[in-house]
Amino acid sequence: MNKAVTQPTNYASPREILLGTVVFDPDADMVAVVREVKGLMVHLERPTGLRWGAPYRRLRPGTEREGRQIRALAHLQRARMRGMS
């Protein structure tokens, strides 16, 4: 028996987006963490330091799997930074 996986819907208002939330940006095809919501734009960041802005209407909440993905990426980035010291 296959279990259907449904994707979360996009945000209806920028007020729904909380700082630190994991979101998916389909334009960048990446998962990121919300760093700031300014008007209709949301400023996003990856654990690698990559930052960009996206209109809130394009974003959707990250799934549990995407949350695990961003945490794993953060763990890997911390390990890489320790190796550079």
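Keep in mind the model is a prediction, meaning the values are calculated, not measured. These numbers come from the heavy atoms of this one structure, side chains and all, not from hydrogens, waters or symmetry mates. FYI, the numbering just counts along the sequence from 1.
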(message) Once rounded to the nearest 0.5 Å, what's the spacing between atom OG1 of Thr21 and atom CD of Glu16?
(response) 11.0 Å
(request) Please answer: with hydrophobic residues joined when any side-chain heavy atoms are less than 4.5 Å apart, are Val34 and Leu59 in the same cluster? (result) yes
Scan the side chains in residues 41-48 for donor-acceptor partners under 3.5 Å anywhere in the protein, sequence neighbours excluded, and list what turns up.
from: Glu45; atom 1: OE1; to: Arg35; atom 2: NE; distance (Å): 3.1
from: Glu45; atom 1: OE2; to: Arg51; atom 2: NE; distance (Å): 3.3
from: Glu45; atom 1: OE2; to: Arg51; atom 2: NH2; distance (Å): 3.4
from: Arg46; atom 1: NH1; to: Val31; atom 2: O; distance (Å): 2.8

(request) Kindly give the cluster partners of Leu18, where membership spreads through any ILVMFWY side chain lying under 4.5 Å from a current member. (result) none
(request) Work out which heavy atom in Tyr11 is nearest to a heavy atom in Tyr56; give both atom names and the distance. (result) O-CE1, 3.9 Å
(request) Using salt bridge (Lys or Arg N to Asp or Glu O under 4.0 Å) as the criterion, list what pairs up with Arg57, not counting sequence neighbours. (result) none
Show the atom names and distances, to 0.1 Å, of all donor-acceptor pairs under 3.5 Å that link a side chain in residues 23-30 to residues at least two apart or in another chain.
from: Asp25; atom 1: OD1; to: Asp27; atom 2: N; distance (Å): 3.0
from: Asp25; atom 1: OD2; to: Trp52; atom 2: NE1; distance (Å): 2.7
from: Asp27; atom 1: OD1; to: Arg58; atom 2: NE; distance (Å): 3.2
from: Asp27; atom 1: OD1; to: Arg58; atom 2: NH2; distance (Å): 2.7
from: Asp27; atom 1: OD2; to: Arg58; atom 2: NE; distance (Å): 3.2

(request) Applying side-chain contact (heavy atoms from CB on, under 4.5 Å), name anything that partners Arg65, two or more places apart in sequence or on another chain. (result) Thr63, Arg68
Going by atom type alone, with no hydrogens or angles, which donor-acceptor pairs under 3.5 Å involve a side-chain atom of residues 69-76 and a protein atom two or more places apart or on another chain?
from: Arg71; atom 1: NH1; to: Gly67; atom 2: O; distance (Å): 3.3

(message) Please enumerate all residues that pass side-chain contact (heavy atoms from CB on, under 4.5 Å) together with Thr9, with sequence neighbours excluded.
(response) none
(request) Flag yes if more than 12 heavy atoms outside Leu40 fall under 6.0 Å of its CG atom; otherwise flag no. (result) no
